[in-house]
Each structure stands twice: as structure tokens, then as C-alpha cells.
Amino acid sequence: MRSDSRAAQVVALAAEQGGVVTSRQARAMTSVSVQQLKRMVDSGVLERLHHGLYRLARMPEDVHLEERVAWLALDPDVVVWERLDQPVPTGVLSHRTAAGLHGLGDLDADVVELTAIRRIRLSLPGVIVHRGVLSREDWQLVDGLPVTTPARTIGDLAAAGTDAGHLASVVRDALTRGQATVEEVLTALAPHAFDYGHRALDGQGFLEVLIAQAGVPATTLALADLARKNTTTTAAGATATSVAAPDAAQLSIAALMKAVTESPQARDALMQSLAAALGQSTASPDADTGVGETAPAAQPADGTSTTGSGRTARSARSAKTADR
């Protein structure tokens with residue numbers, strides 16, 4: 001009876017940890033012996049994944065099983081909920097693995113990468129453990145796993161020398177999906193700008209090149225610059241009511257793009273505010289806005305211009321049609 005009770009406790013412990021348990025955890029929390037763990041494997045209750053690592057049998061497929069096992073192996077003596085209560089749970093999933101868990105970019109994640117606060121060597125195949133400094137602000141939970149934030153992930157990838165094309169795709173997704181602010185990305189990129197051929201600490205120049213390389217429309221790049229300059233944008237609604245935008249330092253690219261696409265009036269108001277912030281004018285279609293020089297804007301299939309002046313001209317033509 002005592003053996004059955006301990007086996008049930010092991011099953012409950014594993015279930016609370018996503019179906020995975022280490023032998024050290026099982027022995028510390030349930031007093032189960034190594035022989036009893038072996039009998040649970042022989043009876044089909046547990047599956048042995050690696051030395052000292054077990055998984056509940058007949059569990060639903062876990063798409064993050066490799067990541068979960070690698071993270072548990074960093075500190076096999078401490079149960080999950082105790083580790084997650086710590087400011088830094090020994091280490092967290094990072095680099096390409098973190099980018100994949102956040103859905104950022106198109107990096108190949110053929111290994112599991114983690115960053116630990118002390119030197120740790122794992123015998124697990126296909127696992128890389130980086131050593132680095134971590135704080136509570138550097139990680140968040142993704143599907144129950146501690147993962148570096150998108151901004152920290154960008155900084156880690158840049159520090160690791162990730163090729164600019166793949167890094168650009170991660171930056172693009174983080175900004176356009178609102179998973180990181182422009183200021184956060186600038187801070188993450190600035191220390192590595194020189195390594196990528198830019199002026200030392202020139203995070204802005206580095207960011208602009210990455211955005212252009214990723215094929216982000218010029219309007220998005222200009223709005224990112226507007227947010228970086230901490231200006232305040234006023235968006236006019238389709239009605240006579242004007243809506244003031246929140247502080248640009250807290251405004252994500254996704255929110256800006258949403259405001260741009262809500263109505264022609266809002267779009268024109270934003271572009272006029274953008275032109276004023278950059279010290280330029282959209283009054284003349286021939287005026288040099290400077291935006292297109294950074295990243296060419298995508299042209300619609302019908303050939304209609306997507307620049308601010310083109311949109312102003314279309315609004316004027318619509319007004320004349322309404323008057324007639």
C-alpha cells in the first residue's frame with residue numbers, strides 16, 4: 001500500500017510539472033526509491049527520457065517537451081513552482097529557442113538554448129547552455145515555461161552574432177506585433193551596433209537597416225521613428241470627434257498601424273503629425289519626405305501610391321466627388 005501511495009504521489013508531482021519529473025524531485029518530495037521508479041517504468045506508468053528524467057506515459061503530446069526537459073535539467077532538485085517563484089529560476093529558455101516560443105522570425109531552432117546565471121553543463125543532447133546575467137525583467141512565462149522577453153531575445157541574438165537577415169525578421173515581428181516597443185529594441189541593439197558595421201552604440205541606425213532589410217513598409221519605419229522621438233499623435237476619427245493618441249513612448253507599432261488603417265481621416269492626420277515631427281511637409285506630392293529613402297514602401301496591385309501625399313490627393317479627389 002505504501003508503494004502504491006508513493007507511486008500516486010510521483011504521478012501527481014509529474015502532472016503538476018507538465019508531465020515531467022526528475023528522479024531527485026521524486027525522491028525528495030515522495031521518498032520514492034530508485035527501484036520503485038524503475039518498477040513504474042517497467043509497468044508503463046513512467047517513460048524514461050534521459051538519465052534521471054521521466055515523463056508520464058500516455059500523456060497528450062507536448063510540443064515543448066524538449067524545452068521543458070532541458071529547463072528541468074538545469075536544476076533537477078527543485079520543483080517547478082518553487083523555481084518560478086524565484087527572481088531568476090536558475091536559468092531560462094533563450095536565443096533561438098525563445099524566438100521560436102514567441103513566434104518571432106524564421107530562425108532554425110535545431111537545438112534547445114538556455115541562459116543560466118551560473119556555469120552549468122548538461123549531458124542532454126542538442127542542448128546549449130549560455131552563461132549570462134538575468135533579472136526578473138528579462139523573462140516571462142510562455143506556455144508555462146520561463147522564456148527571455150522579446151527585447152532580451154533580440155539582444156541575445158545580436159550578441160551571438162546572428163546573421164542580419166534572420167535578426168531582421170525577429171525585430172520585424174516583435175515590432176509589428178507589439179511584442180516589444182521601439183525603445184526596448186533600440187536599447188537591446190545599441191551595444192551590438194558596431195559588430196554589425198554601424199557606429200558604436202548607434203541603435204537607431206542599426207534598427208533602420210534591419211527594418212529596411214526585413215521589407216517593412218516605409219510608413220511603419222517612419223511611425224517607429226515617430227514613437228522613438230516621444231511625440232504625441234492626434235488621430236481624427238471618421239466623425240468630427242478627434243481622439244488623442246497615448247504617449248508615444250508607450251505606443252507599440254501595432255497600435256500605430258491600427259490607428260493608421262481605421263479611416264482615411266485618421267491616416268492623413270497621423271501622416272501630417274509625422275511630417276511635422278520630422279520637420280518635413282506633405283503639402284506637395286513632389287516634396288521629399290525622406291521616408292522612402294530608408295525603406296521602399298510596398299505598392300498596391302493597382303499602382304496607387306501609398307505615400308502621405310498620395311493619400312492626401314486621394315482624399316481631395318474624394319471630397320470633390322462628394323461636392324458634385
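Quantities reported herein were computed from a predicted structural model and do not represent experimental measurements.
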Which heavy atom of [X] sits nearest a heavy atom of [Y], and at what distance?
| X | Y | answer |
| --- | --- | --- |
| Val111 | Thr97 | O-OG1, 3.4 Å |
| Gly44 | Ala57 | O-CB, 3.0 Å |
| Gln36 | Ser31 | OE1-O, 4.3 Å |
| Ala158 | His192 | CB-CD2, 3.7 Å |
| Ala26 | Leu37 | CB-CD2, 4.2 Å |
| Leu122 | Ala70 | CD1-O, 3.9 Å |

Looking just at side-chain N and O atoms, do [X] and [Y] make a donor-acceptor pair shorter than 3.5 Å?
| X | Y | result |
| --- | --- | --- |
| Asp156 | Thr153 | no |
| Glu183 | Thr181 | no |
| Asp163 | His166 | yes |
| Ser94 | Thr115 | yes |

Would you say CD of Glu66 has more than 12 non-hydrogen atoms from neighbouring residues, nucleotides or ligands within 6.0 angstrom?
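No - once you tally the heavy atoms of other residues, nucleotides and ligands closer than 6.0 Å, there are 12 at most.
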
Original post:
If you draw a 6.0 Å radius around CZ in Arg136, do more than 12 non-hydrogen atoms from other residues or ligands fall strictly inside?
Top reply: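 More than 12 heavy atoms, drawn from other residues, nucleotides or ligands, come within 6.0 Å of this atom.
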
Do [X] and [Y] land in one hydrophobic cluster if side-chain heavy atoms of ILVMFWY residues count as linked below 4.5 Å?
| X | Y | answer |
| --- | --- | --- |
| Val69 | Val45 | no |
| Val41 | Val11 | yes |
| Val21 | Leu145 | no |
| Val185 | Val147 | no |
| Val32 | Val20 | no |

Does a side-chain heavy-atom distance below 4.5 Å link [X] with [Y]?
| X | Y | result |
| --- | --- | --- |
| Arg27 | Val34 | yes |
| Val79 | Met29 | yes |
| Leu74 | Arg83 | yes |
| Thr149 | Asp138 | no |
| Val142 | His102 | yes |
| Leu189 | Leu210 | yes |
| Asp62 | Arg68 | yes |
| Trp81 | Gln17 | yes |

Whether [X] side chain and [Y] backbone form a donor-acceptor pair below 3.5 Å:
| X | Y | result |
| --- | --- | --- |
| Ser169 | Gly105 | no |
| Arg177 | Gly103 | yes |
| Trp71 | Pro146 | no |

Give, for atom [atom1] of [X] and atom [atom2] of [Y], the distance between the pair rounded to the nearest 0.5 Å.
| X | Y | atom1 | atom2 | value |
| --- | --- | --- | --- | --- |
| Lys38 | Ser23 | NZ | OG | 14.5 Å |
| Leu104 | Asp173 | CG | CG | 6.0 Å |
| Leu84 | Trp139 | CG | CH2 | 5.5 Å |
| Asp77 | Glu82 | CG | CD | 11.0 Å |
| Gln25 | Leu53 | CD | CG | 8.5 Å |
| Leu167 | Leu107 | CG | CG | 8.5 Å |

- Message: One pair to check against side-chain contact (heavy atoms from CB on, under 4.5 Å): Glu16 and Val80. What are the steps and the verdict?
- Response: CA-CA 8 Å; Glu16 288 189 71; Val80 166; over 6 Å; no

Practice prompt. Could you go through the side-chain contact (heavy atoms from CB on, under 4.5 Å) check for Leu56 and Leu46 one step at a time?
Written response: CA-CA 5 Å; Leu56 287 179; Leu46 296 177; 3.7 Å; yes

Ion pair check, Asp110 and Arg96, cut-off under 4.0 Å
yes

